[in-house]
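Since the structure is predicted, the reported quantities are computational estimates derived from the model, not experimental observations. The figures here come from the full heavy-atom set of this structure, side chains too, leaving out hydrogens, waters and symmetry mates. Counting from 1, the numbers follow the sequence of the chain as shown.
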Amino acid sequence: QVQVVESGGDLVQPGGSLTLVCVVSGLSLNTYAVGWFRQAPGKEREGISCISKTTDGTHYRNSVKGRFTISRDNGNNTTFLQMNSLKPDDTAVYYCAADLRAESWYCDLRDMEYDFWGQGSQVTVSS
């Protein structure tokens, strides 16, 4: 049984930092790409960052480039999203997802490509 679990969401002040953690269990190491998505109230879910199976490929949504960094520890089936210089517009529920079908060097920011999803972690940026 595959499980995807996010953690690390919190209330943080504008300009602050937060690291989200995603742990995938039930899948073999290096067999899936990982994507981070978010959904703010009243808005559609959007892909913000992803990392390929081999960690060679990463992508970022323009609005988070230079502020967010994705990384993964394949030895522990764990992926991290380091978020710096947070803004109120970053407030959302953040989701982690696993994509089994991506090429080893590639990842995608389209949610339709992902096979397994976590339950979400709330990030609130407010003073």
Side-chain angles (χ1 to χ4, degrees):
Q1 182 181 356
V2 178
Q3 282 192 314
V4 180
V5 179
E6 309 95 336
S7 62
D10 205 345
L11 170 64
V12 62
Q13 291 188 343
S17 297
L18 208 56
T19 299
L20 300 182
V21 180
C22 172
V23 178
V24 178
S25 58
L27 293 176
S28 300
L29 300 177
N30 302 332
T31 61
Y32 56 92
V34 174
W36 282 99
F37 299 79
R38 68 185 181 188
Q39 187 167 22
K43 295 187 178 180
E44 292 187 355
R45 186 167 58 192
E46 60 183 18
I48 55 173
S49 185
C50 64
I51 188 165
S52 67
K53 297 175 182 178
T54 62
T55 75
D56 291 339
T58 58
H59 290 295
Y60 295 92
R61 189 176 191 85
N62 285 339
S63 60
V64 306
K65 280 182 181 177
R67 300 189 298 124
F68 291 10
T69 303
I70 191 170
S71 61
R72 68 187 292 177
D73 177 358
N74 279 336
N76 291 306
N77 269 4
T78 303
T79 304
F80 305 93
L81 185 68
Q82 173 68 41
M83 305 185 294
N84 298 326
S85 303
L86 283 162
K87 307 174 182 179
D89 284 349
D90 294 317
T91 295
V93 178
Y94 283 69
Y95 298 91
C96 177
D99 175 5
L100 293 174
R101 294 164 285 170
E103 297 291 338
S104 61
W105 47 270
Y106 180 75
C107 67
D108 205 301
L109 290 181
R110 295 174 297 175
D111 58 5
M112 67 181 71
E113 297 296 321
Y114 288 79
D115 305 290
F116 301 99
W117 289 81
Q119 80 290 348
S121 184
Q122 177 69 48
V123 173
T124 303
V125 184
S126 175
S127 55

Residues Val34, Tyr114; criterion side chain to side chain contact (heavy atoms under 4.5 Å, CB included); working and verdict: CA-CA 8 Å; Val34 174; Tyr114 288 79; 5.8 Å; no
Just distance, no hydrogens or angles: give the donor-acceptor pairs under 3.5 Å from side chains in residues 7-21, sequence neighbours left out.
residue: Ser17; atom: OG; partner: Asn84; partner atom: OD1; Å: 2.9
residue: Thr19; atom: OG1; partner: Gln82; partner atom: OE1; Å: 2.4

Short side-chain to backbone donor-acceptor contact, Thr91 and Val125, under 3.5 Å: yes
Test item: Ser49 and Thr58 side chains (from C-beta on) under 4.5 Å apart, heavy atoms: no
Point-to-point distance, once rounded to the nearest 0.5 Å, from CZ of Arg38 to CD1 of Ile48: 5.5 Å
Considering all heavy atoms, the nearest Arg72-Tyr32 contact: NH1-O, 2.8 Å
Interatomic spacing from CG in Leu86 to OG1 in Thr124 - rounded to 0.5 Å: 11.0 Å
Beyond-backbone contact of Arg67 with Asp90, side-chain heavy atoms, under 4.5 angstrom: yes
Atom of Cys22, atom of Val4 and distance for their closest heavy-atom approach: SG-CG1, 3.7 Å
Ion pair check, Lys87 and Asp89, cut-off under 4.0 Å: no
Which atom of Val93 lies closest to which atom of Gln122, heavy atoms considered: CG2-OE1, 3.2 Å
Trp36 ring center within less than 6.0 Å of Phe68 ring center: no
Ring geometry between Trp117 and Phe37 (parallel below 30°, tilted from 30 to 60°, perpendicular above 60°): tilted
Heavy-atom side-chain contact between Met83 and Val64 under 4.5 Å: no
For Asp115, all residues meeting salt bridge (charged side-chain N to carboxylate O under 4.0 Å, His left out), sequence neighbours excluded: Arg101
Beyond-backbone contact of Thr69 with Phe80, side-chain heavy atoms, under 4.5 angstrom: no
Co-membership, hydrophobic cluster, residues Val5 and Val123, 4.5 Å side-chain: no
Ser104 side chain to Thr54 backbone, donor-acceptor under 3.5 Å: no
Audit row: Phe116, Leu100, side chain to side chain contact (heavy atoms under 4.5 Å, CB included) steps and yes/no: CA-CA 9 Å; Phe116 301 99; Leu100 293 174; 3.5 Å; yes
Distance-minimising heavy-atom pair for Cys107 and His59: O-CD2, 3.1 Å
Minimal non-hydrogen separation, Ala40 against Ala92, with atom names: N-CB, 3.8 Å
Pairs of donor and acceptor atoms involving the side chains of residues 23-30, under 3.5 Å and at least two apart or interchain, shall be tabulated with distances.
residue: Asn30; atom: OD1; partner: Asn74; partner atom: ND2; Å: 2.5

Residue pair Leu109, Glu46: steps toward the side chain to side chain contact (heavy atoms under 4.5 Å, CB included) verdict: CA-CA 8 Å; Leu109 290 181; Glu46 60 183 18; over 6 Å; no
Residues Glu6, Tyr94; criterion side chain to side chain contact (heavy atoms under 4.5 Å, CB included); working and verdict: CA-CA 8 Å; Glu6 309 95 336; Tyr94 283 69; over 6 Å; no
